[in-house]
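Below: the structure, in structure tokens.
Residue numbers begin at 1 in each chain, while the letters A, B, ... track the order of the sequences. The structure displayed is predicted, hence computed values, not measured ones.
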Number of protein chains: 2
Amino acid sequence: MKHITIKDVAKRLNCSVSTISRAFNDKYDIRKETRELILNTAREMGYSPNPMAKRLLKQCSNQIGVVVPEFINPFFPEVIIGIQEVFLKKGYQVLIMQSNESYNNELENVKAMENNMVDGLILSLSLETKNVEYYQNLIAQGFPLVLFNRVSNQLETHKVVIDDYKWAFFATEHLIYQGYKKIFHFSGPAGLTFTQNRKNGFIDAHRKHKLAIDQHTIIETGLMISDGEREMEKLIQNNNIPDAIFAVNDPTAIGAMKILKKNGLKIPGDVALVGFTESQLAQLVDPPLTSVAQPTKEIGRTAARLLLDQIESKGIFVPQTVVLNGRLNVRESSMKL
Amino acid sequence: MKHITIKDVAKRLNCSVSTISRAFNDKYDIRKETRELILNTAREMGYSPNPMAKRLLKQCSNQIGVVVPEFINPFFPEVIIGIQEVFLKKGYQVLIMQSNESYNNELENVKAMENNMVDGLILSLSLETKNVEYYQNLIAQGFPLVLFNRVSNQLETHKVVIDDYKWAFFATEHLIYQGYKKIFHFSGPAGLTFTQNRKNGFIDAHRKHKLAIDQHTIIETGLMISDGEREMEKLIQNNNIPDAIFAVNDPTAIGAMKILKKNGLKIPGDVALVGFTESQLAQLVDPPLTSVAQPTKEIGRTAARLLLDQIESKGIFVPQTVVLNGRLNVRESSMKL
DNA sequence: TAAATTTCCGGAATCGTTTCCGGAAAATAA
DNA sequence: TTATTTTCCGGAAACGATTCCGGAAATTTA
């Protein structure tokens with residue numbers, strides 16, 4: 001129950017606490033035999049240094065924090081695995097929290113991370129996050145912060161993203177090349193940067209091919225399966241059914257797919273579908289879903305490496321935005337029969 | 001950059017640190033105006049108490065830890081959401097780590113949690129974990145620990161599970177009632193308690209209905225989609241194809257489904273499938289997968305409440321195993337045509 | 001008015017470490 | 001043998017808070 005402290009060991013061996021500390025930390029300034037003796041009896045007594053005290057003194061923890069909006073969808077868990085890969089090797093512990101897409105939770109999570117004196121933070125902003133002042137201060141203070149996926153251009157720090165514009169453009173063009181005319185876009189929540197980028201890609205692909213877009217072509221949804229379901233149901237009720245849908249992510253595409261199938265509509269015969277952010281799901285649903293693959297683990301690894309560099313360099317750092325490459329995985333859901 | 005400490009505030013106001021501390025903590029022993037003044041200038045100076053110092057003194061953190069084997073499959077993330085629901089309301093922060101199914105990682109994670117002085121821990125054991133001595137010590141020391149899903153009967157502490165035996169029995173019986181004769185079981189890794197329980201349910205359902213089982217009926221797989229794929233491929237190669245499969249979980253069932261479809265076999269026409277631990281996936285795959293639903297969030301909430309009780313009571317506690325109810329969701333994959 | 005009580009605050013110990021400083025003993029150099 | 005350097009260790013300050021103890025000033029009671 002009672003924790004064994006350095007003093008207990010010192011008392012037992014009749015020596016000073018500084019000697020004990022030296023045995024655990026220094027390489028010199030202590031006789032080899034003394035060191036051995038101390039280490040042995042310490043182990044025997046079950047002593048290990050209290051990291052809380054150490055942190056108070058050293059002001060760093062060998063821990064890094066990760067705060068993500070959710071992990072119901074497989075995207076964030078996969079990124080986290082990439083992050084852990086890098087940090088565990090380096091002897092860092094990775095603390096994870098999720099904001100549940102709430103700004104307040106996110107802020108509290110970040111503060112909790114600070115309280116744990118994490119040496120750095122990897123963050124993906126929640127849907128609600130508009131005010132990034134707190135993070136601006138953090139950065140201004142020199143606190144190592146890396147953003148990914150849900151980033152903000154008001155924050156001048158390391159970022160890891162993929163070229164959402166480009167891949168949305170390609171995905172849309174793919175549908176156009178397949179011969180689909182009436183293509184809708186299930187767009188993400190308006191606040192997110194990638195929503196805007198993917199939407200622009202969608203629009204510009206239409207421009208390039210001289211296809212008209214009206215105000216009903218782009219439909220703002222959320223990011224979950226249920227959001228895709230809801231919007232698809234509305235479309236069917238209004239009897240406003242497109243040839244094809246380019247969805248902002250896989251879950252919304254899959255939500256649409258569910259409702260289409262329930263209503264007896266064939267995919268891709270009646271409506272073709274393309275998702276984004278390839279997940280396990282894309283290959284499992286029937287028909288398999290065409291999707292833009294994001295290199296999830298690589299995103300994690302990259303963010304981790306950027307953070308690690310910043311932590312270890314301690315010097316002036318130049319905010320860097322790494323744009324990773326995606327890939328369009330063409331599957332049955334978007335093929336012209 | 002430099003943190004503002006209680007001393008800075010004391011110096012500024014020309015008073016002692018204890019007075020500052022009182023302003024932040026006490027309700028009495030300080031004049032109202034002094035208190036106001038201190039709180040105001042403290043805020044103005046951007047001071048907030050250093051939690052690390054507080055923890056060192058108080059020996060508790062208002063944080064709890066969660067260590068899970070993985071979160072690629074949706075099961076654990078959902079449980080965690082339930083856990084957070086309970087703790088966030090109570091003002092606790094929830095720290096999450098994943099062991100990646102490795103015993104060493106798990107142990108390091110648990111130790112890292114201890115180093116953060118979490119007030120309690122919710123744990124689900126990794127595949128590799130055989131030696132639970134460390135956790136036994138933890139429990140013996142009175143450290144609040146709650147297990148769920150992957151539990152060990154060598155640990156006398158709170159546990160949250162569902163009745164795996166019963167629901168495996170029902171699931172198997174369901175297949176028997178549908179008229180399937182040659183029913184195989186994709187069993188989980190041998191070390192896990194629930195593997196054994198689900199296997200026994202499978203066996204006893206056969207006994208009850210006087211159906212024979214031979215040594216090839218039960219096939220040990222892993223827990224991931226790829227494990228299901230691998231074993232199914234073997235069966236097809238050996239031309240040893242059952243009427244139906246009861247899989248230890250959804251991912252293995254879905255893995256089998258993928259391979260069956262790829263080989264042109266109809267589900268449930270040629271092979272019927274039943275999974276376990278209902279996930280999002282079950283409804284999304286084609287055909288929809290019959291599965292035993294576990295109340296994931298409720299598992300989380302229950303574990304959280306048990307832990308909270310133990311933390312707050314501080315008294316003698318009686319290890320309690322809560323068995324939650326499941327449900328068999330019958331879908332197309334197991335229907336006799 | 002004197003004595004007793006209350007109010008409010010400062011000093012110092014404490015939590016468990018690390019690390020700087022200095023000093024005795026041992027080893028080396030003169 | 002004496003002077004200098006090295007080796008090894010103890011003491012104490014520091015990290016940033018909380019809290020017990022005690023004491024001066026203000027207030028109440030006798």
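Atom CG of B/Leu13 and atom P of C/dC9 are 12 Å apart (whole Å). The nearest whole Å value for the distance from the NZ atom in B/Lys11 to the C1' atom in D/dG16 is 13 Å. Atom CG of A/Leu57 and atom P of C/dC20 are 11 Å apart (whole Å). One can place CD1 of B/Ile6 at 14 Å from P of C/dG11, the figure rounded to the nearest angstrom. When the P atom of C/dC20 is taken as reference, atom CG of A/Asn25 falls 12 Å away, rounded to whole Å. Following rounding to the nearest Å, A/His3 (NE2) and C/dT14 (C1') show an atom-to-atom distance of 18 Å. Taking atom CG of B/Asn115 as the reference point, atom C1' of C/dT17 lies 13 Å away to the nearest angstrom. In this structure, CZ of B/Arg22 is placed 11 Å from P of C/dG11, rounded to the nearest angstrom.
Near DNA chain C, meaning a heavy atom under 4.0 Å away, there are no residues from residues 35-55 of chain B.
Taking CG of A/Asn25 as the reference point, atom OG of A/Ser18 lies at 11.5 Å (rounded to 0.5 Å). Rounding to the nearest 0.5 angstrom, the gap separating the CZ atom in B/Arg150 from the OG1 atom in B/Thr129 is 9.0 Å.
Looking only at atom types and distance, the side chain of B/Asp309 has no donor-acceptor partner in the side chain of B/Ser313 under 3.5 Å away.
Applying the 4.0 Å criterion to OP1 and OP2 of C/dC9, one finds that B/Thr34 has a side-chain N or O inside that range. A sub-4.0 Å separation between OP1 or OP2 of D/dC8 and a side-chain N or O of A/Lys32 is absent. For the OP1/OP2 pair of C/dT14 and a distance below 4.0 Å, the side-chain nitrogens and oxygens of B/Lys58 include no atom meeting the criterion.
If B/Leu56 and B/Thr19 are placed on DNA chain C by their nearest nucleotide, the residue sitting closer to the 5' end is B/Thr19.
Counting any heavy atom pair closer than 4.0 Å across all strands shown, A/Ile30 reaches sugar-phosphate atoms only and no base atom.
The aromatic rings of B/Phe75 and B/Phe148 sit tilted relative to each other, their planes meeting at an angle between 30° and 60°.
Within a 6.0 Å radius of NZ in B/Lys130, more than 12 heavy atoms belonging to other residues, nucleotides or ligands are found. Heavy-atom neighbours of B/Glu156 CD from other residues, nucleotides or ligands within 6.0 Å: at or below the threshold of 12. Heavy atoms of other residues, nucleotides or ligands lying less than 6.0 angstrom from CD of A/Glu133 number 12 at most.
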Candidate pair A/Tyr134 and A/Glu106, rule side-chain hydrogen bond (donor to acceptor under 3.5 Å, both in side chains), full reasoning: CA-CA 11 Å; A/Tyr134 191 85; A/Glu106 181 179 295; over 6 Å; no
Worked check of side-chain hydrogen bond (donor to acceptor under 3.5 Å, both in side chains) between A/Gln63 and B/Asn116: CA-CA 10 Å; A/Gln63 289 187 134; B/Asn116 281 308; 2.7 Å; yes
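Every residue two or more places apart in sequence or in another chain that forms a salt bridge (charged side-chain N to carboxylate O under 4.0 Å, His left out) with B/Arg305 is listed here: B/Glu298. Every side chain to side chain contact (heavy atoms under 4.5 Å, CB included) that A/Glu44 has, sequence neighbours left out, goes to A/Arg12.
Listed candidates were D/dT19, D/dG10, C/dG11. Nearest to the side chain of B/Ser21 is D/dT19. Here C/dG16 is the nucleotide among C/dG16, C/dT19, D/dG16 with the atom lying nearest to any side-chain atom of A/Thr5.
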What N/O pairs connect the protein and nucleotides 5-7 of chain D at under 3.5 Å? Give each pair on its own line.
none

Measure all distances between protein nitrogen or oxygen atoms and nitrogen or oxygen atoms of nucleotides 23-25 of chain C, and list the pairs falling under 3.5 Å.
none

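Annotation: side chain to side chain donor-acceptor pair (under 3.5 Å) contacts involving residues 71-85 of chain A, sequence neighbours excluded, comprise A/Glu70-A/Asn73, A/Glu78-A/Thr296, A/Gln84-B/Gln98, A/Glu85-A/Arg301.
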